[in-house]
Amino acid sequence: MRVPLTAVLRSEWTKLRTLRSTWWCTAVYVLVVGSFAWLAAATTRSAPTADSAVGVVLTGFAFGQVVLVVLGVLAVTSEFGGMALSSLVAVPRRTRLLAAKTAVVAAWAAAVTVLLVAGCVLAARTLVAVPGGVSPGDPEVLRAAGLQVAGAVLVTVLAAGLGEVLRSTAGALGLGIALVFVGPPALAIAGGRTAELLSQALPSLRVGEDSFLAVPTTWPVGLAVAGAWAAGAWAAGAVLLERRDV
């Protein structure tokens with residue numbers, strides 16, 4: 001019997017919203033990003049352009065991405081405490097199950113990030129003096145906001161994929177944080193052409209147009225790299241899920 005995708009999505013949403021970790025992660029994410037945004041805006045008297053002002057207040061996302069890694073990993077690994085077999089019996093098509101789980105947690109991360117980005121833009125508009133002001137409809141502001149939401153989604157998908165590959169909360173968290181938060185700046189500091197290339201090849205979060213504390217690339221390249229890592233980790237997780245006994 002084929003279970004409708006809408007039913008699988010509803011089931012996965014029920015699982016996600018009933019996990020304490022989801023609400024703890026959401027609360028910490030909002031607190032960290034929101035606090036950094038308003039603090040950065042309050043300590044930045046002026047900026048030459050609207051997008052540079054918004055880029056300053058988006059800095060909190062660089063630290064908030066750690067929470068997204070935790071959220072994505074726990075959405076997957078929490079089920080291996082005993083519910084995995086029941087889920088696989090209910091949804092025999094394993095890739096469909098993982099896709100629904102990933103879609104739900106990524107949609108939640110996107111929704112929260114959209115609200116936070118709106119709050120960041122409001123902080124820049126209220127507290128930072130910019131010639132002509134900060135307009136939410138400015139194409140440069142919209143690009144910075146869109147990059148932030150896209151980056152948050154890709155980090156969450158990457159974390160979900162790592163959770164499925166490793167099936168270890170500690171291992172997936174360690175690897176995810178190393179890839180998106182520790183590795184890029186460490187390699188940037190190390191210097192040397194090889195280290196620079198490796199820093200650019202890791203999924204560093206985009207803050208506005210720039211990668212955070214990593215060797216910079218253009219934003220299309222940065223998104224392509226993050227997207228490749230997310231797709232690769234998720235695909236590996238899907239393949240292993242199909243081949244494992246449980």
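All heavy atoms count here, side chains included; hydrogens, waters and symmetry mates do not. From a predicted model like this one, the values you see are computed outputs, not experimental measurements.
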Determine the minimum heavy-atom distance between Arg17 and Trp23, stating which atoms define it. O-NE1, 2.6 Å

Worked check of side chain to side chain contact (heavy atoms under 4.5 Å, CB included) between Arg167 and Leu241: CA-CA 10 Å; Arg167 292 196 175 185; Leu241 180 61; 3.3 Å; yes

Flag, side chain of Thr22 to backbone of Leu16, donor-acceptor distance under 3.5 Å: yes

Could you walk me through whether Leu154 and Leu223 pass the side chain to side chain contact (heavy atoms under 4.5 Å, CB included) test, one step at a time? CA-CA 9 Å; Leu154 293 176; Leu223 278 188; 4.2 Å; yes

Is there a donor-acceptor contact under 3.5 Å from the side chain of Thr44 to the main chain of Ala41? no

Is there side-chain contact between Tyr29 and Thr113, with heavy atoms separated by less than 4.5 Å? yes

Hey, does the side chain of Glu12 reach the backbone of Leu9 with a donor-acceptor pair shorter than 3.5 angstrom? no

What one should report as the nearest heavy-atom pair of Leu142 and Gly137 is CD1-O, 3.7 Å

NZ of Lys101 to OG of Ser11: how many Å apart, nearest 0.5 Å? 8.0 Å

Using salt bridge (charged side-chain N to carboxylate O under 4.0 Å, His left out) as the criterion, list what pairs up with Arg45, not counting sequence neighbours. none

Is it true that Trp38 and Leu58 fall in one hydrophobic cluster, defined by side-chain heavy atoms closer than 4.5 Å? no

On a heavy-atom basis, which atom in Val67 and which in Cys25 lie closest, and how many Å separate them? CG1-O, 3.1 Å

Without swapping roles, check the side chain of Thr156 against the backbone of Ala152 for a donor-acceptor pair under 3.5 Å. yes

For Val141 versus Ala50, what's the shortest heavy-atom pair and its separation? CG2-CB, 3.8 Å

Using distance only, find each side-chain donor-acceptor pair of residues 177-203 under 3.5 Å and give its atom names and separation, not counting sequence neighbours.
from, atom 1, to, atom 2, distance (Å)
Ser199, OG, Pro184, O, 2.9
Ser199, OG, Val215, N, 3.2
Gln200, NE2, Pro216, O, 3.1

Is there a side-chain contact between Val30 and Leu115 (heavy atoms, below 4.5 Å)? no

From CA spacing to verdict: side chain to side chain contact (heavy atoms under 4.5 Å, CB included), Val134, Val54: CA-CA 8 Å; Val134 177; Val54 171; 4.0 Å; yes

Does the side chain to side chain contact (heavy atoms under 4.5 Å, CB included) test come out yes or no for Trp234 and Leu98, once each step is laid out? CA-CA 9 Å; Trp234 192 91; Leu98 181 59; 3.7 Å; yes

With a 4.5 Å limit on heavy-atom distance, are the side chains of Lys15 and Ser78 in contact? no

Would you name the heavy atoms of Ala75 and Val105 that are closest together and state the gap between them? CB-CG2, 3.9 Å

Which heavy atom of Val155 sits nearest a heavy atom of Gln65, and at what distance? CG1-O, 4.0 Å

Look at the side-chain heavy atoms of Ile, Leu, Val, Met, Phe, Trp and Tyr, link any pair under 4.5 Å apart, and say whether Leu19 and Leu162 land in one connected group. no

Residues which pass ring-ring contact (aromatic ring centres under 6.0 Å, His included) with Trp13, listed by chain and number, not counting sequence neighbours: Trp108

Say whether Leu68 and Val70 are linked into one hydrophobic cluster, either directly or through other cluster members, by side-chain heavy-atom distances under 4.5 angstrom. yes

Indicate yes or no: does Arg94 engage Glu242 in a salt bridge with an N to O separation below 4.0 Å. no

Kindly indicate whether the side chain of Val128, heavy atoms from C-beta on, has any atom under 4.5 Å from the side chain of Val56. no

Kindly say whether Ala40 contributes a backbone atom to a donor-acceptor pair with the side chain of Thr43 at under 3.5 angstrom? yes

Is there a continuous path of hydrophobic side-chain contacts, each under 4.5 Å between heavy atoms, that joins Leu39 to Phe61? no

Would Leu175 and Val225 show up in the same hydrophobic cluster when neighbours are defined by side-chain heavy atoms closer than 4.5 Å? yes

